[in-house]
Protein chains: 2
Amino acid sequence: MAESEQDVCRQILQILGLIGDKWTILVVGQLRDRTLRFGELHRVVTGISQRMLTRTLRQLERDGLVTRTVHAGVPPRVEYALTDLGLTLLDSVTALGQWATGHRQQIIEHRRRYDTAHPAPIR
Amino acid sequence: MAESEQDVCRQILQILGLIGDKWTILVVGQLRDRTLRFGELHRVVTGISQRMLTRTLRQLERDGLVTRTVHAGVPPRVEYALTDLGLTLLDSVTALGQWATGHRQQIIEHRRRYDTAHPAPIR
DNA sequence: CAGAATCCCACCCGATACTG
DNA sequence: CAGTATCGGGTGGGATTCTG
């Protein structure tokens, strides 16, 4: 089964796109050191809507990055935790986050300079 | 000047979002070892529209990740190259790309299993 | 509590046409 | 050649409502 370079490239891009998603990063970040319930995640990931939290978690579950554990009973309880695979992603993302942190000031400064040098057209 | 955690977090997310953009990654990747002209980039980054290439390059320039050099004359010639800052980004992205490459099969396999276990509702 | 379903709008982005 | 301008379809994502 031949697999073209194109396919591989597109798959990797897809994965990077997943990682680049802001909600994904925030959610994975929150699961760093402990498992959390749906409601806890909803509270701790500031600004996320119920819908987006659900979608993000589903995708992460589908990709094998988090586990979803339903505890029977009333009220219902669903817990989310990182898998081993999810942990390796966390490491990589953390590294990238450190790049972002480390160069944040530089980038902001560049933007400031660029924006003053290229004023918005009047319109 | 107090800078809230929220602000810093949002800035980092913004930067990660930038990195996650598929065109950004492809363009930066192509500039890895040599400077390229607009038209060359347009040819080599498969599928990108003129508009998106322009926008991507502008943003990268604004953030100080690439330089834009205009050579006078006819026909016009504009060359793009990575800055030192851009190179450090390239390194980080490459690392993440290696993660994606290394775990690609696992993720695809997880998806396959998930999709067969959770068949799409009939509709 | 943990979602699923629906509505709806803002914006992203591609296609196309025009310009210095 | 290297862009800008404009239009229009598709989509991401918020707000709201309903259910097991």
Side-chain angles (χ1 to χ4, degrees), chain A residues 10 13-27 30-31 35-62 66-81 114 117-123, chain B residues 10 13-14 16-27 30-31 35-62 66-81 114-115 117-123:
Chain A
R10 283 180 45 244
L13 278 175
Q14 194 185 353
I15 294 173
L16 289 178
L18 166 68
I19 294 169
D21 176 51
K22 71 187 238 188
W23 295 131
T24 298
I25 295 186
L26 287 177
V27 168
Q30 291 297 338
L31 292 174
T35 121
L36 289 173
R37 300 178 54 178
F38 186 88
E40 292 177 308
L41 276 170
H42 197 190
R43 266 187 300 281
V44 79
V45 177
T46 336
I48 196 172
S49 67
Q50 206 179 37
R51 170 195 173 93
M52 274 305 105
L53 180 55
T54 302
R55 298 186 108 206
T56 302
L57 287 171
R58 284 292 174 282
Q59 192 170 24
L60 287 172
E61 184 193 1
R62 182 165 104 102
V66 308
T67 59
R68 177 174 181 272
T69 313
V70 181
H71 300 272
V74 172
R77 238 180 70 205
V78 180
E79 304 215 308
Y80 294 92
Y114 185 94
H118 304 263
I122 302 172
R123 170 166 309 267
Chain B
R10 281 182 47 242
L13 278 177
Q14 193 184 355
L16 290 179
L18 166 67
I19 294 169
D21 177 51
K22 73 186 234 187
W23 295 131
T24 299
I25 295 186
L26 288 177
V27 168
Q30 291 297 338
L31 292 174
T35 124
L36 289 172
R37 298 176 56 177
F38 186 88
E40 291 177 306
L41 276 170
H42 196 191
R43 267 187 300 281
V44 78
V45 178
T46 336
I48 195 172
S49 66
Q50 210 177 35
R51 171 196 171 95
M52 272 304 104
L53 180 54
T54 303
R55 298 191 81 183
T56 303
L57 287 171
R58 284 291 175 283
Q59 191 171 23
L60 287 172
E61 185 194 1
R62 181 166 104 103
V66 309
T67 58
R68 177 175 181 270
T69 314
V70 181
H71 299 272
V74 172
R77 238 180 70 205
V78 180
E79 305 214 309
Y80 293 93
Y114 185 94
D115 291 345
H118 303 263
I122 303 172
R123 170 166 308 268

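Any value given below was found using the heavy atoms of this structure, including those in side chains, with hydrogens, waters and symmetry copies removed. Proteins get letters first, then strands, A, B, ... in listed order; numbering begins at 1 in each.
Using a 4.5 Å cut-off on side-chain heavy atoms (C-beta onward), L57(B) and L41(B) make contact.
Listed pair R68(B) / dG3(D) meets the phosphate criterion, a side-chain N or O lying under 4.0 Å from OP1 or OP2.
With rounding to whole Å, E40(B) atom CD is found 13 Å from dA2(D) atom C1'. Atom CG of L41(A) is separated from atom P of dG3(C) by 10 Å (rounded to the nearest Å). Note: CG (L36(B)) to P (dC1(D)) measures 15 Å, nearest angstrom. With rounding to whole Å, L26(A) atom CG is found 12 Å from dG13(D) atom P. Regarding D21(B), its CG atom lies at a distance of 11 Å from the C1' atom of dC13(C), rounded to whole Å. As a whole-Å value, the separation of L53(A) CG from dG12(D) C1' is 16 Å. In this structure, F38(B) places its CZ atom 6 Å from C1' of dA2(D), rounding to the nearest Å. Atom pair H71(A):NE2 and dC1(C):P shows a separation of 16 Å (rounding to whole Å applied).
Of all non-hydrogen atoms in I48(B) and M52(B), the two that sit nearest each other are CG1-CB, 3.8 Å. Taking every heavy atom of both residues into account, R62(A) and D115(B) meet most closely at NH1-OD2, 2.6 Å.
Counting non-hydrogen atoms under 4.0 angstrom, R55(A) reaches nothing in the nucleic acid.
Taken over five-pair windows at either terminus, the axes of the helix from dC1(C)-dG20(D) to dG20(C)-dC1(D) are inclined to one another by 40° (rounded to 10 degrees).
Applying the side chain to side chain donor-acceptor pair (under 3.5 Å) test to residues at least two apart or on different chains, the pairs with a partner in residues 16-27 of chain B are D21(B)-T24(B). The side chain to side chain donor-acceptor pair (under 3.5 Å) analysis of residues 47-58 of chain B, with sequence neighbours excluded, yields no pairs.
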Point to revise | Where protein sits on nucleotides 14-20 of chain D, one letter per nucleotide: B base, S sugar-phosphate only, - none, heavy atoms under 4.0 Å | key: B--B--B
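Between H42(B) and F38(B), the angle of the ring planes lies from 30° to 60°, which puts this pair in the tilted group.
Residues passing the salt bridge (Lys or Arg N to Asp or Glu O under 4.0 Å) test with E79(A), sequence neighbours excluded: R77(A). Every side chain to side chain contact (heavy atoms under 4.5 Å, CB included) that V70(B) has, sequence neighbours left out, goes to R68(B), V78(B).
Rounded to the nearest 0.5 Å, atoms CG (L26(B)) and CG (L31(B)) are 11.0 Å apart.
Listed candidates were dC1(C), dG3(D), dC1(D). Nearest to the side chain of R37(B) is dC1(D).
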